[in-house]
Student: 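Sending over a structure as structure tokens; questions will come in a sec.
Positions are given from 1, in the same order as the sequence printed here.
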Amino acid sequence: MFGRIRGRSLLPTVSLAVVLLALAGYVLQGTIGTTRATKQQSAALIVDEKFTEARIAVAMQEVNLRHYQVEPSVAVLSRFEQVAGSAERTLAELAESADQQIRRDAQALLTGQIAYRRLAEQLIAKVADSDPGFAQFDRLEVTPAFYSLQNDVDDVARSYHEYAQRQVTLLRNTQGRLLVGTAIGFGAGLTLVAMIMRMVLGYQRRLVERAADSRHQALHDPLTGLPNRALFQQDLQKALDLAARDGGPAALMVIDLDGFKAVNDTIGHHAGDQVLIEAGRRLSGHVAEAGVVARLGGDEFAVLIPGVSGLPEAVRLADRLVAELNRDFRIEDQLAAIGASLGVALSPADSADVLFRHADTAMYRAKRRGGGVAVYDPGTDADAQDDRMRLFADLRVLLETGDPDGQLQLWYQPQVRLGDGKVTAVEALVRWQHPTHGLVMPATLLPVAERGGLETGLTYHLLRVAARQAAIWLASGWSCRVAVNVSPGALGDDRFAETVLATIVAAGLPAELLCLELTETGIMGDAGSALRMLRRVSESGVAVSVDDFGTGFSSLLQLRDVPADELKIDGTFVRNLAEGTPDAIMVRSSTDLGHNLGLRVVAEGVEDLPTLARLREMGCDHAQGYVLSHPVPAAELPEACRRAEAVARSATTRPAVTDAPLR
């Protein structure tokens, strides 16, 4: 009897063991199949993601190429080269895949991409050279090459996307079979299967989330989280399509932060990042749900408001946005004061690019006025934009050809030594004698050069002109130091010191007769590189002057390390030197600081005799300004210097103040 009972209990135990062993084998087999399918799915998703990245980059090449035809600037060219390089790097990476088919497809696309880029670069050169045949070249060569490349990359990307989806389906089918098989077992088996499924589904979810994150990152700014230019262009086109269908205009606003560079230079790039993040939050907080705020790059933002009632509503919102950005930013217990220049343009327009250009042009008009809001005016802004483009093209040609007609001129403003009233130096200031625009002043010329990436070439050209002129004066018997303003971009050039020294050698000018004037923010922008360059030229005997002192908020620790010989107090601080005024305190403190550092101190922007006398009493070493002389051409400089010395002697009757010793 006991034997029968024992046999009955043993049978279920054995049966359970057999079932559990069978279930374990099934689960093991299913797990192996699931793992294999998961790996195949992961690899397929990665390849799909790479081909999608290449597809987006190829499309963005064309966007930037078209943008360059409308606005041939270094910034647009840089974006073109960046996305072209991204497309080629991605395809090159795929071309090294272990899968033979992937290698063949990627290599074929890479060959097409390189061929298209070469054609695009030829088109860019034709546009930059104002070649009238660029449109025909574009139609016959570049556009067909792009559409061929686009079709190829679309087909390849689509096929690998479909393959990736098949792998997802395969994985899901494998999981389903595993679930059905384990459901045949009993509770313990179901518990094990549930644990396995939880793990597998979690891994699949992470893959899907990673794919979604990759798409989000491709279309959003990584710092602020706002849509980037690519996504904003899509939203803008949708808004324009809606406006064309429903008749309600869309408002586009382009915003540039004024004074942002000073935040980076004085507080640091981390603080600058915080300002950008907070600026994005402020803009988003004042834009309705239907509106879109995007960061275009750098310190430039864009706002899209579809379906506005009209221009008054758009301007009211623009005023609120500028007021928000004008409020101080508190960053790490410090206050950062910036402003904003905002340009507004309303649809309809020929295209999204045209509307962008209208808003961008209005923004630059607002910036020239000192910030605030400007609305695109076809009668004003179209001509201004055309003028800027023509000036840029003409300036580039001048710098490439060496300015054979001498259109780029230097006018000179004397600097008087207050101790004895003698002119000891002059500052060289650029003027452009344009054949059709007349005399173009620095306020117009320099922004054109900076925006077009010509500022370094312009600086080097003016250095050569000034060095040759100073050498001519020296040969005639007059030894006078000439000061030349140096752009921040030139100071960041690796060839800066070498170019400066080669320039004075070629001109036959002693190094001590050249002075380089640099702003505080220009020196501190890339302090390590700038200081290395300045030390090289300073060791050769070339003087270094810190220009516009007091406006850049540089730290004294950084200023201490600059190999400077001279400190120039900005003209905004010499307007009211009555005893006890903030300006007088600033000038006296700056003078004492300069002397304590072993520097000459020069006050610029002096416009009346009492100010000249007061500067001498404060111990300032040199002065320049309209009270002494306006900038004049080189031929008129001897007479201007005589007048300046006469004015200085009439205003300075107290005992002479000697120059501070030089470091």
Student: We want to know whether D353 and H67 form a side-chain donor-acceptor pair, criterion being a heavy-atom distance below 3.5 angstrom.
Tutor: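 There is no such pair between these side chains.
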Student: May I ask you to decide whether D258 forms a salt bridge with K367, counting only side-chain N to carboxylate O separations under 4.0 Å?
Tutor: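 Yes, charged N to carboxylate O under 4.0 Å.
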Student: Is a side-chain donor-acceptor pair under 3.5 Å present for Q113 with Q61?
Tutor: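 Yes.
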Student: Ignoring hydrogens and angles, tell me if any N or O in the side chain of T401 forms a donor-acceptor pair with the backbone of V397 under 3.5 Å.
Tutor: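 Yes; judged by distance alone, with no hydrogens or angles, the pair exists.
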Student: As a quick check of understanding, evaluate side-chain contact (heavy atoms from CB on, under 4.5 Å) for L534 and L518, giving each step before the final call.
Tutor: CA-CA 10 Å; L534 292 178; L518 307 107; 3.8 Å; yes
Student: Between D494 and M533, what is the shortest heavy-atom contact and its length?
Tutor: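 In terms of heavy atoms, the two residues are closest at O-CE, 3.1 Å.
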Student: Taking atom types as modelled and ignoring hydrogens, do the side chains of N228 and H220 form a donor-acceptor contact shorter than 3.5 angstrom?
Tutor: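 Note: N228 and H220 side chains miss the donor-acceptor criterion.
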Student: Could you tell me whether the side chains of Q150 and D154 share a donor-acceptor contact shorter than 3.5 Å?
Tutor: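 Distance-only check fails for Q150 and D154.
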Student: Decide yes or no for L454 and V74: does some side-chain heavy atom of the first lie under 4.5 Å from some side-chain heavy atom of the second?
Tutor: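 In short, these two side chains do not touch, never coming nearer than 4.5 Å.
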Student: What is the distance from atom CG of L463 to atom OG1 of T499, rounded to the nearest 0.5 Å?
Tutor: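 Interatomic distance, L463 CG to T499 OG1, rounded to 0.5 Å: 9.0 Å.
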Student: Quick one, D155 and R158 - any side-chain contact, counting heavy atoms below 4.5 Å?
Tutor: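 Counting from C-beta outward, D155 and R158 do come under 4.5 Å.
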Student: Can we say E88 and R117 salt-bridge, meaning some charged N sits less than 4.0 Å from an Asp/Glu carboxylate O?
Tutor: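 A salt bridge is present here (some side-chain N lies under 4.0 Å from a carboxylate O).
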Student: Using a 3.5 Å distance criterion without hydrogens, assess whether the side chain of D299 forms a donor-acceptor pair with backbone atoms of F260.
Tutor: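 No, because the side chain of D299 does not come within donor-acceptor range (under 3.5 Å) of the backbone of F260.
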Student: Quick one: does I277's side chain get under 4.5 Å of Q274's, heavy atoms only?
Tutor: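 Yes, at least one pair of side-chain atoms sits under 4.5 Å.
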Student: Taking all non-hydrogen atoms of both residues into account, name the closest pair between A345 and A359 and its distance.
Tutor: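 Looking at all heavy atoms of both residues, the shortest contact is CB-N, 3.6 Å.
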Student: If you define the side chain from C-beta out and look only at heavy atoms, does anything of R139 sit under 4.5 Å from T143?
Tutor: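 A side-chain contact under 4.5 Å is absent here.
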Student: Is R357 close enough and on-axis enough to Y376, meaning under 6.0 Å and within 45°, for cation-pi?
Tutor: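 Negative - R357 is either too far from the ring of Y376 or too far off its axis.
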Student: Taking C-beta and beyond as the side chain, do K238 and L242 meet within less than 4.5 Å on heavy atoms?
Tutor: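 SC-SC contact between K238 and L242 ruled out.
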Student: Just wondering, do L346 and V344 contact through their side chains at under 4.5 Å, heavy atoms?
Tutor: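 Result yes, sub-4.5 Å side-chain heavy-atom pair found.
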Student: Quickly, which of T111, V58, L109 forms a side-chain contact (heavy atoms from CB on, under 4.5 Å) with D152? Name it, please.
Tutor: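 The side-chain contact (heavy atoms from CB on, under 4.5 Å) with D152 is passed solely by L109 among T111, V58, L109.
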Student: Any chance you could lay out the side-chain contact (heavy atoms from CB on, under 4.5 Å) test for L65 and Y116, step after step, and finish with the verdict?
Tutor: CA-CA 11 Å; L65 180 60; Y116 167 72; 3.5 Å; yes
Student: With side chains defined as the heavy atoms from C-beta onward, is the minimum distance between R495 and Y460 less than 4.5 Å?
Tutor: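 R495 vs Y460: side chains touch.
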Student: Please identify each residue that fulfils salt bridge (Lys or Arg N to Asp or Glu O under 4.0 Å) with E278, with sequence neighbours left out.
Tutor: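 E278: salt bridge (Lys or Arg N to Asp or Glu O under 4.0 Å) contacts with R281, R282.
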Student: So does F356 get a backbone contact from the side chain of D360, meaning a donor-acceptor N/O pair under 3.5 Å?
Tutor: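 A pair under 3.5 Å: no.
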Student: Run the side-chain hydrogen bond (donor to acceptor under 3.5 Å, both in side chains) test against Y68 and tell me which residues pass, sequence neighbours left out.
Tutor: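 So Y68 forms no side-chain hydrogen bond (donor to acceptor under 3.5 Å, both in side chains) with any residue.
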Student: To the nearest 0.5 Å, how far apart are CG in L462 and CG in N485?
Tutor: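 Answer for the CG-CG pair, L462 versus N485, is 9.5 Å.
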Student: May I ask you to decide if F134's main-chain N or O and D138's side chain share a donor-acceptor pair within less than 3.5 Å?
Tutor: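 Not at all, since once roles are kept as given, no pair shorter than 3.5 Å links the two residues.
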Student: Using atom types as modelled and distance alone, determine if a side-chain donor or acceptor of R66 lies under 3.5 Å from a backbone N or O of Q69.
Tutor: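 It does not hold such a pair.
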Student: Which atom pair, heavy atoms only, marks the closest approach of M253 to L321?
Tutor: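 M253 and L321 have their closest heavy atoms at SD-CD1, 3.9 Å.
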Student: For residues E141 and L119, report the shortest heavy-atom separation together with the two atoms involved.
Tutor: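 Scanning both residues completely, I find the closest heavy atoms to be O-CD1, 3.8 Å.
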Student: Any sub-3.5 Å donor-acceptor pair from S86's side-chain atoms to Q82's backbone N or O?
Tutor: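 Not a single qualifying donor-acceptor pair exists.
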Student: Between F301 and V254, is there a side-chain heavy-atom distance shorter than 4.5 Å?
Tutor: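 Answer no - side chains too far apart.
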Student: Is Q136 atom CD crowded by more than 12 heavy atoms from other residues, nucleotides or ligands, each under 6.0 Å away?
Tutor: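 Open: at most 12 neighbouring heavy atoms sit under 6.0 Å from CD of Q136.
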Student: Run F51 and T90 through side-chain contact (heavy atoms from CB on, under 4.5 Å) and show every step you take.
Tutor: CA-CA 8 Å; F51 276 112; T90 302; over 6 Å; no
Student: Of the non-hydrogen atoms in G402 and H461, which two are nearest, and what is the gap between them?
Tutor: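 Smallest heavy-atom distance, with atoms named: O-CE1, 3.7 Å.
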Student: Once salt bridge (charged side-chain N to carboxylate O under 4.0 Å, His left out) is applied, what residue pairs with a partner in residues 92-115 remain, sequence neighbours excluded?
Tutor: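 The answer is K50-E93.
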Student: Determine whether V47 and S97 satisfy the following criterion, side-chain contact (heavy atoms from CB on, under 4.5 Å), listing intermediate values before the conclusion.
Tutor: CA-CA 9 Å; V47 172; S97 170; 5.7 Å; no
Student: Got a second to check how far R229's CZ is from M60's CE, nearest 0.5 Å?
Tutor: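 Reported to 0.5 Å precision, the distance equals 8.0 Å.
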Student: What's the shortest heavy-atom distance between V292 and P227, and which atoms?
Tutor: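 Residues V292 and P227, closest heavy atoms: CG1-CG, 4.2 Å.
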Student: Looking at G280, is its backbone amide N or carbonyl O close enough to the side chain of T224 to form a donor-acceptor pair, meaning the two atoms are under 3.5 Å apart?
Tutor: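 Flag not set: sc T224 to bb G280 has no pair under 3.5 Å.
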Student: Looking only at the side chains, is there a donor atom on one of Y364 and D256 sitting less than 3.5 Å from an acceptor on the other?
Tutor: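 Checked: Y364/D256 side chains show no N/O donor-acceptor pair below 3.5 Å.
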